[in-house]
Amino acid sequence: DIWAISETHLCSHTFAQFRSGLHFARSPFQSCVGGHPVPAQNNRVFHASSKGVAVLSKHPTRAVPTDLPPEMLQSSRAVVTTTLLQDVWVTGGTVYGEPDSSFYPHQKMNNAALLHSVANHVCYLARGPRFIAGDWNVERHSLPVFTQLEAAGFRDLQDIAHQHCGRSEE
């Protein structure tokens, strides 16, 4: 019922069109909350189009005020939301890390800072069910934030599926 989406490419105008399309199609997904809009461009350049995050939900969802630095929020790479499922608020962070390319020379450092900031907010400033999702563009356990997440009780969804279903998704 909750989808965390990374690399949306949605600027303000196209995000409004997307939400309108959901309403017109009578989609069961009634809530769509995006991060900072991707800058609008007529001619997309690779490094400018690889941005955008959103949360799509069948339940009431809203953005959560955060203390993330303005440059992180304006990077269009993170959003923290909360969704009301029955009588429980589920808080989540959606992150789209910088890809490993020459367009992003500080990719690992920037992704570490972005994930650390979102993890701090979701792990320590929220209660109840929580998640952090998205395309982080880093190898598992390559950043200190993975230790922080495990210490806070977070587990990779694929590990949980393997434990419960005996399947491994690689």
Side-chain angles (χ1 to χ4, degrees), residues 1-25 27 29-83 89-126 130-140 142-146 148-149 154 156-157:
D1 287 358
I2 302 172
W3 288 80
I5 306 166
S6 54
E7 196 172 358
T8 65
H9 304 261
L10 297 174
C11 65
S12 297
H13 178 71
T14 54
F15 188 72
Q17 287 177 329
F18 178 74
R19 290 179 68 183
S20 178
L22 289 172
H23 178 72
F24 178 78
S27 171
F29 291 93
Q30 58 182 282
S31 293
C32 187
V33 176
H36 191 274
V38 174
Q41 294 182 5
N42 292 333
N43 183 8
R44 290 257 182 226
V45 178
F46 174 77
H47 70 279
S49 64
S50 298
K51 295 181 179 181
V53 290
V55 172
L56 185 62
S57 174
K58 293 180 180 179
H59 306 279
T61 301
R62 66 178 189 212
V64 173
T66 67
D67 62 351
L68 270 69
E71 62 274 8
M72 272 187 199
L73 292 174
Q74 294 169 3
S75 73
S76 305
R77 295 190 172 278
V79 66
V80 179
T81 59
T82 188
T83 301
W89 287 99
V90 177
T91 302
T94 304
V95 175
Y96 180 44
E98 293 178 355
D100 186 12
S101 84
S102 60
F103 288 114
Y104 300 98
H106 306 289
Q107 177 251 4
K108 189 170 183 176
M109 180 181 66
N110 291 345
N111 288 350
L114 183 64
L115 284 164
H116 180 75
S117 294
V118 171
N120 278 345
H121 191 87
V122 174
C123 290
Y124 306 118
L125 298 178
R130 293 161 287 168
F131 68 87
I132 301 176
D135 182 355
W136 300 354
N137 280 315
V138 295
E139 292 293 322
R140 190 170 178 188
S142 65
L143 300 174
V145 72
F146 288 96
Q148 175 188 356
L149 290 169
F154 283 76
D156 190 294
L157 191 57

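Both backbone and side-chain heavy atoms feed into the values below; hydrogens, waters and symmetry mates do not.
For the pair Gln107 (side chain) and Asn137 (backbone), a donor-acceptor distance under 3.5 Å is present.
Heavy-atom minimum distance, Ala4 versus Phe131: CB-CE1, 4.3 Å. Between Cys11 and Pro39 the shortest heavy-atom distance is CB-C, 4.3 Å. Shown here for Leu56 and Cys32, the closest heavy-atom pair between the two residues is CD1-CB, 3.9 Å. Contact record, Val95 with Ser6: O-CB, 4.2 Å, taken as the closest heavy-atom pair. In terms of heavy atoms, Leu149 sits closest to Cys123 at CD2-SG, 3.7 Å. The heavy-atom pair separating Pro60 from Trp89 by the smallest distance is O-CZ3, 4.4 Å.
More than 12 heavy atoms of other residues, nucleotides or ligands lie within 6.0 Å of CD in Glu71, so this atom counts as buried by the packing criterion. Applying the 6.0 Å contact sphere to OH of Tyr124 captures more than 12 heavy atoms from other residues, nucleotides or ligands.
Taking the side chain to side chain donor-acceptor pair (under 3.5 Å) definition, one finds that His106 meets it with nothing, sequence neighbours left out. By the side chain to side chain contact (heavy atoms under 4.5 Å, CB included) test, Ala113 is found to be paired with Met72, residues two or more places apart in sequence or in another chain being considered. A search for side chain to side chain donor-acceptor pair (under 3.5 Å) contacts involving Gln17 returns His13, not counting sequence neighbours. Qualifying ring pair (Phe, Tyr, Trp, His ring centres under 6.0 Å) partners for Trp136, counting only residues two or more places apart in sequence or in other chains: Phe146. Residues passing the side chain to side chain contact (heavy atoms under 4.5 Å, CB included) test with Arg130 are Thr91, Val122, Ala126, Phe154, sequence neighbours excluded. Taking Ser57 as the reference, Thr61 meet the side chain to side chain donor-acceptor pair (under 3.5 Å) condition, with sequence neighbours excluded. Legend: residues meeting side chain to side chain contact (heavy atoms under 4.5 Å, CB included) with Gln74, ordered by chain and number and at least two apart, are His36, Pro70. Shown here are the side chain to side chain contact (heavy atoms under 4.5 Å, CB included) partners of Ser27, two or more places apart in sequence or in another chain: Leu22, Phe29. Taking the ring pair (Phe, Tyr, Trp, His ring centres under 6.0 Å) definition, one finds that Phe15 meets it with nothing, sequence neighbours left out.
Here Leu115 contributes atom CG and Arg77 contributes atom CZ; the two are 11.0 Å apart, rounded to the nearest 0.5 Å. Taken to the nearest 0.5 Å, the CZ atom of Arg140 stands 4.5 Å off from the CG atom of Asp156. From His23, atom NE2 reaches atom CD of Gln30 across 11.5 Å, with rounding to the nearest 0.5 Å. Atom CZ of Phe103 is separated from atom OG of Ser50 by 9.0 Å, given to the nearest 0.5 angstrom.
Checked against Val64 for a side chain to side chain contact (heavy atoms under 4.5 Å, CB included), the options Val80, Val79, Val33 give a single hit: Val80. When the options Pro37, Ser76, Ser75 are evaluated for a side chain to side chain contact (heavy atoms under 4.5 Å, CB included) with Lys51, the one that passes is Ser76.
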*asked:* Applying side-chain contact (heavy atoms from CB on, under 4.5 Å) to Ile5 and Thr94, what does each step give before you reach the verdict?
replied: CA-CA 7 Å; Ile5 306 166; Thr94 304; 5.8 Å; no
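Within the structure, the salt bridge (charged side-chain N to carboxylate O under 4.0 Å, His left out) test picks out no pair touching residues 89-103 (sequence neighbours left out). Applying the salt bridge (charged side-chain N to carboxylate O under 4.0 Å, His left out) rule to pairs touching residues 58-69 yields Asp1-Lys58, sequence neighbours excluded.
Annotation: side chain of Gln148 is in contact with side chain of Asn120 (closest heavy-atom distance under 4.5 Å).
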